[in-house]
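Written out below as structure tokens is the structure these notes cover.
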Amino acid sequence: MKVLAATILAWCFVTSAWSQAADTILINGKVLTVDDRDSVREALAIHDGKILAVGTTADIRKTAGAKTRVIDLQGRTVVPGLIDSHQHAIRAGLTFSTEVNWVGVSSLTEALDRIRQRAASAKPGTWIIVGGGWTANQFKERRRPTQAELEMASPNNPVYVQMNYAWVAMTRSGFRLLNIASDADLPSGAKLERDSSGNLTGAITGNQPGIVALFDKLPRPTFEEQVDGTKKFFRELNRLGLTGIGDPGGNNLPPSEYQALFKVWREHQLTVRISYSLNGQTAGAEIEEFQSLTRLLPEGFGDDMLRFNGLGERVTWAMNNNDNPSDADKANYYQIAKWAAERGMSLTMHWNNNSSVDHLLTLFERLNKETPIVQLRWSIAHLNDASPQSLQRMKALGLGWTVQDMLYFADDASRTMPPVMTAKKIDVPVGAGTDAHRIASYNPFTSLQWLLDAKTAGGVALRRVDEAPTRQDALRLYTKGSAWFSHDEDRRGSLEVGKLADLAVLSKDYLTVPIDQIGSIESTLTMVGGKVVYAAGPYRQFE
Ligand SMILES: [Zn+2]
């Protein structure tokens, strides 16, 4: 009797949940739900932007009405929309329609061709800019372009090519336009590169602030170009199955540069959910900056497409990439962190080296005794060589860890994989990502492949493959794992009933293709909140 009652109850629940027919059903596929058991289902139904049901094709067909859109997956694999927990996407969008893109290009010849093509259609005199996202290791030639090659590819337009925050090559016309004739004309931290005989090479080397300041000398895209670039960049992310981004601000991105994003959001044209944090931009005056910028901007403010998520990744300049911060640096940082904690703000902090992370962890531990941060989902970004001890301390503080694939672009095997499996054992929340687009590609499948095989762009395997996750684990890091950082894992990051219908239908089966093909997977159909934002090939009609 009890069983019968339960059955009737369940049946009532199901019929009432389905009293309105699905808007869309996807059937005959392989749906990787990323639920707690990594269930794989055949089909899925969507109603009002959310997932109505997952199950067999026969079950899901029952949710359809006369007007339901039916998408036949024909065996294709569906994953939750991917979420990059640390990508400088807002900045990348601003220049996406005006910069030349070398992401994923496998030869220098093709890279130079892209400059040649842009130069052929550009107005004489306008800049041709490659803003990063590439490394010499990805080219089969294994080298950077020379000034002569850039001039040959672009005879009438100045060219600026940046690699990471370390190296820039320009044409002679570029040097003239920026009035750079000697080291004295360069921002501090940058200098002209010379070869072994002391001759100028046509390139500039520098530290991060030097290269950032150099980039700022270039003309900015117009507002229209920024809006256009933002839309096109998010569509490019959708093409790669991305539906969410944690954006940690960044260099060359003062608050004034968010207007293009806000316009696209206001006009309901955002196709990627963005949670963004505020990066300290004014050295020494960060607290005033944060206080003024957040007076009317509480933690979590926004909607499902665009949401404010606290401070970071550079909270203060003084603690940024500083392995030996002074007591004064730490006192200033402490003041800001305390202020953020008191307001329930999230905070993500860029930190590279485990050897010095004690400075940061000790500070957080002290703060946690005064103003608890355990529930606030603070995090550390990068920290590729995190030790088990550091991860234990992070766990005790409730800190998460965002992991990126910048080592994919490294050129030697002496570096280690970030220990994501150790983090899993210790139960530190981990989000995956790229840190694109200046120092890495934004392609999530490049990052997923690297997480699995630990091989760099040059094909060198890094040590510690024992830290390689399973395919399901890696997918979890890129979905639910990343969703944690914006307090969203109950709303997105897996394909379960009631969650936002963010998903991607893949061009290849992520679970079974050889690992070295994972990097070439694309989406053939991407949905955000049940709305098709990208469709290709057999699904083109649905966009
Ligand atoms: Zn960073």
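As the structure is a prediction and not an experimental result, all values here were calculated from the model. One-based numbering, in listed order, for ligands and for the atoms of each. Residue indices begin at 1 and follow the sequence shown.
A cation-pi geometry, defined here as NZ or CZ lying under 6.0 Å from the six-membered ring centre and within 45° of its normal, does not hold between R343 and F290.
Qualifying side-chain contact (heavy atoms from CB on, under 4.5 Å) partners for T479, counting only residues two or more places apart in sequence or in other chains: V34, P80, L82, L475.
Between F233 and H437, the ring-plane angle classifies as tilted under the 30° and 60° cut-offs. Between F262 and Y258, the ring planes are tilted. Angles from 30° to 60° get that label.
For the Zn ion (ligand 1), the count of nearby protein N/O/S atoms, taking only those under 2.8 Å, is 3.
Within the structure, ring pair (Phe, Tyr, Trp, His ring centres under 6.0 Å) contacts touching residues 299-352 (residues at least two apart or in different chains) are Y276-F308, H350-H382. Screening residues 288-299 for side-chain hydrogen bond (donor to acceptor under 3.5 Å, both in side chains), with sequence neighbours left out, gives T282-E289.
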